[in-house]
Amino acid sequence: MTAADAIDEPARRRDWSGIGCAVFIAAFFAVVVYYRWPDPDGDLVRQRQIFAEYLVHQGAILAPADASHPANPQFAFSPRRLRLGDKPYSSITLPYGSSEHFVVSRAKELFPEVVEWSVLPPETALARLLGGAEAVDVVRNPDRFEVQRLKGEVLPHSSSDSLANHPAQGDPFPVPPEIAARITAALLNPDAYAWGGAHMCDPVPGVRLTWYRGDDQVDVLFCFECGILDTYWNERPIVSQGFDATYNDLAAAMKELFPDDQQIQGIELKEAKETTSLENGEPAADDTFSVTTH
């Protein structure tokens, strides 16, 4: 290599680095343009998938048009199928107590091909709450019904899902018939619950109710600080659910059952609140979509 070549070598390297930078910048802008470019079909696909996930989270049942797939599929339909106008769902069953007008108006826009819409009956909603139709029947017709005060704590390094991890404070005792009837009526009122609502706190139950019949038992643990109850069927955890609509009735019953318990007596009753739909108002006048209960 001559002296002249040695002088030109750094210049050639600088030329290649400049080309590399230019290619990188061009690729970067190409990616930005690709992802920022309007894509109505892609937006519709994403909106459909998000809305389907929302419905499943709320407790809806989504039946795919393709019968080979199970209900409430966790897979996402391919963008190609949705863009071609394929029918992902043949029917959608809304959870009991859902904001029907909001859901239906949005569904008409995103899933116009769905041919059947319905709402879960209240008895099915209660069965989901307690662990099945048999569990509901145990609550309605128990052999015995007991209440027990809990310490209001969860054992450290344990799961709150297990009944054994909620230590008791005192022995269980029978619930008097008159109070038992009021508690059962409040618990089995399907309009008492904010079905599918999100819970922003971690409940620590202070009272345990147990219905027994034969070898079966239903347990309901109440946290009055959060307004959330936890249900168990034969000691298997079922669900956590808010009970705002019957909070005062249940709190009053607990005060009667524990007249000398200062903490129970200190439970403050809630003021009545009006419930509104997710639209925070009345449904649109042209919303004529029919929803049936089956």
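- Heavy atoms of other residues, nucleotides or ligands lying less than 6.0 angstrom from CD of Gln263 number 12 at most.
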Item to check | Phe243 vs Phe224, ring-ring contact (aromatic ring centres under 6.0 Å, His included): CA-CA, chis, key distance, verdict | outcome: CA-CA 9 Å; Phe243 59 98; Phe224 285 94; 5.7 Å; yes

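- The closest side-chain heavy-atom distance from Phe145 to Ile183 is below 4.5 Å.
- Side-chain contact between Arg140 and Trp211: absent, with no pair of heavy atoms (C-beta onward) separated by less than 4.5 Å.
- A donor-acceptor pair is defined here as one N or O able to donate and one able to accept, closer than 3.5 Å; no such pair exists between the side chain of Gln265 and the backbone of Asp260.
- Note that CG of Asp261 is 11.0 Å distant from NZ of Lys255, once rounded to the nearest 0.5 Å.
- Listed by first then second residue, pairs satisfying salt bridge (Lys or Arg N to Asp or Glu O under 4.0 Å) with a partner in residues 171-183 read Glu178-Arg182, Arg182-Glu256, not counting sequence neighbours.
- Separation of the Tyr247 and Phe222 ring centroids does not fall under the 6.0 Å cut-off.
- For Asp219 (side chain) and Arg208 (main-chain N/O), no donor-acceptor pair under 3.5 Å exists by modelled atom type.
- Going from atom CD1 of Ile228 over to atom CG of Asp244 covers 9.0 Å, rounded to the nearest 0.5 Å.
- In this structure, Asp137 pairs ionically with Arg213, as a charged nitrogen and a carboxylate oxygen lie closer than 4.0 Å.
- Using cut-offs of 30° and 60° on the angle between ring planes, the pair Tyr232 and His166 is perpendicular.
- Across all their heavy atoms, Tyr96 and Val119 have their closest contact at CA-CG1, 4.0 Å.
- The shortest non-hydrogen separation linking Cys226 to Pro203 is SG-CA, 3.8 Å.
- In this structure, Leu163 and Gln217 approach most closely via the heavy-atom pair CD1-NE2, 4.4 Å.
- Between Leu187 atom CG and Leu130 atom CG the span is 5.5 Å, to the nearest 0.5 Å.
- A distance of 12.5 Å separates CG in Asn189 from OG1 in Thr184, rounded to the nearest 0.5 Å.
- Remark: the backbone N or O of Leu110 is not paired with any side-chain donor or acceptor of Gln47 at under 3.5 angstrom.
- Taking 4.5 Å as the limit, every side-chain heavy atom of Phe173 sits out of range of all side-chain heavy atoms of Glu146.
- There is a side-chain donor-acceptor pair under 3.5 Å between Ser240 and Asp230.
- A pairwise comparison of heavy atoms in Leu269 and Ala251 identifies CD2-CB, 3.9 Å as the closest pair.
- Salt bridge absent: Lys270 and Glu268 never bring a charged side-chain N and a carboxylate O closer than 4.0 Å.
- The main-chain N or O of Gly206 is found under 3.5 Å from a side-chain atom of Arg149 such that the two form a donor-acceptor pair.
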Item to check | side chain to side chain donor-acceptor pair (under 3.5 Å) assessment of Arg128 paired with Gln241 | outcome: CA-CA 11 Å; Arg128 286 186 170 191; Gln241 185 66 59; over 6 Å; no

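- Taking every heavy atom of both residues into account, Ser118 and Thr93 meet most closely at OG-OG1, 3.2 Å.
- When side chains are defined from C-beta on, Ile61 does not count as touching Ile92, because their heavy atoms never get closer than 4.5 Å.
- By the 4.5 Å heavy-atom criterion applied to side chains, Leu129 and Ile238 are not counted as neighbours.
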